[in-house]
Amino acid sequence: MVPLLRLPLLLLIVSAVIACKSNPQDKAATISKTTAKPTVIRDKQIDIVAIMKRKQVPVLCYHQIRNWRANDSKSAKDDIVQIAAFKEHIKMLADSGYHSILPDQLYDYLTAGTPLPGKPIMFTFDDTDLDQFTIAAPELKKYGFKGLYFIMTVSIGRPKYMSKAQIKQLSDEGNVIGSHTWDHQQFTKLSGKDWEIQLDKPTKKLEEITGKPVKYFAYPFGLWNVEGLPELHKRDFKAAFQLSTKRYDKDPLMTIRRIIDSGHWNSKNLMGNIKRDF
Ligand SMILES: [Zn+2]
């Protein structure tokens with residue numbers, strides 16, 4: 001996917017990130033205000049109030065792990081963590097006693113109060129970039145960490161993106177593969193046949209590749225709307241991940257918060273933001 005699709009995609013990501021950072025509370029409020037009807041939760045056993053009361057687990061979101069190029073803009077660099085910085089951040093978290101958890105553990109903790117290891121944290125990777133396989137995964141492995149990789153299926157096997165075999169290997173090594181739609185369309189604009197293209201087919205493809213069910217979803221650009229949430233429930237997704245806007249108190253599992261570990265941050269900045277945001 002290359003230059004043509006890649007550039008607008010990056011620009012959109014950047015603008016979404018800026019939007020999220022600029023005024024998260026307002027954005028969440030706008031989303032909730034436009035929609036009065038509550039989300040249908042299929043499993044009536046889920047105690048939403050209890051979930052909202054539990055302390056949030058820090059979830060980090062990464063895109064590209066590579067050294068900056070001359071033409072990378074300042075805002076693009078939020079999504080591009082340089083290799084040495086990435087290694088330093090991960091080492092700092094390991095040295096600080098963090099334990100990575102996987103989404104099933106997070107789900108069990110949120111829904112049933114199942115205990116987590118001390119200082120839990122979750123690593124998530126969006127957009128299928130190859131450097132997540134070549135750089136990030138081996139680095140996590142050094143410390144016994146695992147991650148959740150959100151794949152946009154259109155890019156599988158393209159230059160600079162992961163192949164089917166690499167995705168399968170991540171899954172076989174104990175990481176979790178989630179869905180990030182087919183081609184990164186904005187979730188809030190999907191309707192009709194889009195759901196099949198952006199949710200059903202990617203799930204099927206990823207399940208064929210990994211041999212495991214796909215139960216987790218990440219919103220492109222982190223953007224979600226209340227009207228779309230039943231589409232995820234209908235398809236039995238257990239949880240969905242946004243960026244750092246406020247959770248939807250009627251459906252916190254489908255609006256789990258993440259922060260982007262910015263390419264501009266050092267380890268100290270990362271630690272400060274983890275403590276402030278979760
Ligand atoms: Zn994305």
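Whatever order the structure lists them in is the order used to number ligands and atoms, beginning at 1.
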Enumerate the residue pairs fulfilling salt bridge (Lys or Arg N to Asp or Glu O under 4.0 Å) with a member in residues 146-155, sequence neighbours excluded, ordered by first and then second residue. none
With a cut-off of 2.8 Å, does His63 put an N/O/S atom close enough to the Zn ion (ligand 1)? no
Does any N, O or S atom of Asp126, backbone or side chain, fall under 2.8 Å from the Zn ion (ligand 1)? no
Presence of salt bridge, Glu88 and Lys91, under 4.0 angstrom: no
Which atom pairs, donor and acceptor, lie under 3.5 Å between side-chain atoms of residues 167-176 and protein residues at least two apart or in another chain?
| from | atom 1 | to | atom 2 | distance (Å) |
| --- | --- | --- | --- | --- |
| Lys168 | NZ | Asp172 | OD1 | 3.0 |
| Lys168 | NZ | Asp172 | OD2 | 2.8 |
| Gln169 | NE2 | Glu173 | OE2 | 3.1 |
| Ser171 | OG | Lys212 | NZ | 3.0 |
| Asn175 | OD1 | Gly147 | N | 2.9 |
| Asn175 | ND2 | Leu170 | O | 3.0 |

Metal site angle (apex the Zn ion (ligand 1)), OD1 from Asp127 and NE2 from His180, 10 degrees: 90°
Ignoring hydrogens and angles, state whether a donor on the side chain of Thr124 or Arg258 is under 3.5 Å from an acceptor on the partner side chain. yes
